[in-house]
Amino acid sequence: MEEERKLNFLEEIIEQDLKSGKVDSILTRFPPEPNGYLHLGHAKSLCINFGLAAKYGGKTNLRYDDTNPVKEDVEYVDSIKEDIRWMGFQWEKECYASDYFDQLYEWAEELIKRGLAYVDDQSQEEISKGRGTVDQPGIESPWRNRSVEENLKLFREMRDGKYADGEKVLRAKIDMAHPNMMFRDPLLYRIKHASHHRTGDKWCIYPMYDYTHGQCDSIENITHSICTLEFDVHRPLYDWFIQTLGIYPSHQYEFARLNLTYTLMSKRKLLELVQKGLVSGWDDPRMPTLCGVRRRGYTPESLKMFCDKIGVSKRDQLIDIQLLEWCVRQDLNARSNRYMVVQDPVKLTITNYPEGQVEWFDCPLNPAEPEGASRRVPFTRELYIERADFMEDAPKKFFRLKPDGEVRLKYTYIIKCEEVIKDENGNVTELRCTYDPSTRPGAGEWRSVKGTIHWVSCESARKISLRNYDRLFTLADMSQVPEDKDYKDFLNPESLTYASAWAEPALLEDKSGIAVQFERTGYYVLDKDSTESEPVFNRTVTLKDSYKPE
Ligand code: ATP
Ligand code: MG
């Protein structure tokens, strides 16, 4: 039975707001800046925003926070939609901050007319110096007391392209000694002569985040604007713009961003990895991007399970990546099809099995569903097994194949190792065995042996290529990179190793569309680089798991 979960703080707020009649229904938004691909942190934000809306019968807008044309691109706009759809979320409206540029501009003129904004000619450096520090009040700009008429004229000239980048800015006129630094005459507009992916060359001034976000929420009647913790100092300013302009009162709430061990989530750094060719692209299966983990074989269900487990907290957290791996194992264990694949083969000949004979065994695709679908696996005289499943001088506790020992070949017979053939260097080249026909499952009384190993038939095995992926970085907490080092110094050189392997033929007929389990080794998913002659499989995660979530 599903355990009743305590409400998280956002659910508490929403239930309160619905009960008190403050809102009739909820409308959230997911506000990515289209300057990179979505990553696992965004998955958390998606699950929160879409999850809350779904739980309370509300809706969620997708809003692109596209106020910086220099870093943004339609490639990112498109990938974001694809990733959200893949996660299984459906947005209500597709919106863009740039849709509201006219309205934002009008409001800026309104603020100027009310004496609440002015054009400042100071340079970027002068402005930040003048802002003061937490303990020291700022100093007022020499341009702070321009007349309304002059400010209007200059602001219109800024809009009309009369000035170069950085020559002037529009600032709110609030309080240069305010204890919250955000209120020390924040920037509203800067000049950027750059083409925008949606508005083209219509604008050469672009609004700043703080001046944009709350008003966009308000225009859309967003009831609960949920963002990450670092924005809590921005909240008073968010409220100030909404109250000053007297527009729909959206409210902002903050939760802790997701940090995961052995990876990082900064778009700037992920972009650098792509641009420097340190990974194969945004969808490199080692990347924490949604397209990366998708290509790696992660399912939306596993990501949702993960987001559910980590919950919504108000304190910054570093989550163990093993929890994510545990979730994908849980999901794939329940759903994925099984196949036998041998990675490091040694030949095994069953000397008393007729030459040329092929027996087809019906094997379950998923043992959790004994009545479910099956695949057919050919058994022949010559097989491959994993080299590691044989040991010549085996310790007592070794229950796989050893000289004179018995083992069951999965789904089929018990065999006995009669002879070990080696080359001149002492390497095992062949294992000669006999099989016991009476041990065929269903043939009579079940006889059990301690070990069961996987195998493939040499004759029909298909050669495949494997990309065995591991963690991208070697440092658990990537926020702790020492001062004299760079985060790239911690790239894991073993994060990708190549191998080839022999697979039972049914693997290449798999139609499940999700990762499959290579029995006894791990979960693998067919990669888009596959060709008819060279199927390529990416390792999602190994089977081995000692991790237990709390
Ligand atoms: P970056 O700093 O890497 O550029 P960002 O926060 O600027 O990330 P946005 O595209 O602005 O990225 O984020 C869209 C939404 O996703 C925002 O609401 C943001 O708070 C949220 N988000 C981004 N990163 C994380 C994270 N690591 N954990 C949870 N939510 C996140
Ligand atoms: Mg951002």
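Counting starts at 1 for both ligands and their atoms, following the listed order. Note that this is a predicted model, so its numbers are computed, not measured.
- The proximity of His39 to ligand 1, defined as any non-hydrogen pair under 4.0 Å, is limited to the side chain.
- A cation-pi arrangement is found for Lys304 relative to Phe89, the charged atom lying closer than 6.0 Å to the ring centre and inside a 45° cone about the ring normal.
- Both tests do not hold together for Arg539 against Tyr469: distance to the six-membered ring centre under 6.0 Å, angle to the ring axis within 45°.
- Considering both main-chain and side-chain atoms, Cys227 never comes within under 3.5 Å of ligand 1 through any nitrogen or oxygen pair.
- Put simply, the residue from Tyr498, Tyr524, Phe518 that forms a ring pair (Phe, Tyr, Trp, His ring centres under 6.0 Å) with Phe537 is Phe518.
- Under a 4.0 Å criterion applied to the non-hydrogen atoms of Pro32, ligand 1 contributes the atoms 10 (O), 14 (C).
- At a heavy-atom distance under 4.0 Å, only side-chain atoms of Phe255, from C-beta outward, approach ligand 1.
- Here is the list of ligand 1 atoms found below 4.0 Å of a heavy atom in Ser266: 3 (O).
- Taking all heavy atoms of His213, Lys267, His42 into account, the minimum distance to atom 1 (P) of ligand 1 is reached by Lys267.
- Applying the side chain to side chain contact (heavy atoms under 4.5 Å, CB included) rule to Glu82 yields the partners Arg294; only residues at least two apart in sequence or on another chain are considered.
- Of the candidates Tyr211, Tyr206, Tyr209, Phe101, Tyr189 forms a ring pair (Phe, Tyr, Trp, His ring centres under 6.0 Å) with just one, namely Tyr211.
- Annotation for ligand 1: atoms under 4.0 Å from non-hydrogen atoms of Met265 are 3 (O).
- Residues in residues 468-478 take part in these salt bridge (Lys or Arg N to Asp or Glu O under 4.0 Å) pairs, two or more places apart or across chains: Glu325-Arg471.
- The distance from the CD atom of Glu220 to the SG atom of Cys95 is 3.5 Å, given to the nearest 0.5 Å.
- Looking at ligand 1, you won't find any N or O of Glu230 less than 3.5 Å from one of its N or O atoms.
- Residue Glu33 has at least one nitrogen or oxygen atom sitting less than 3.5 Å from a nitrogen or oxygen atom of ligand 1, judged on distance alone.
- Taking every heavy atom of Thr228 and a limit of under 4.0 angstrom, the matching atoms of ligand 1 come to 20 (O), 29 (C), 30 (N), 31 (C).
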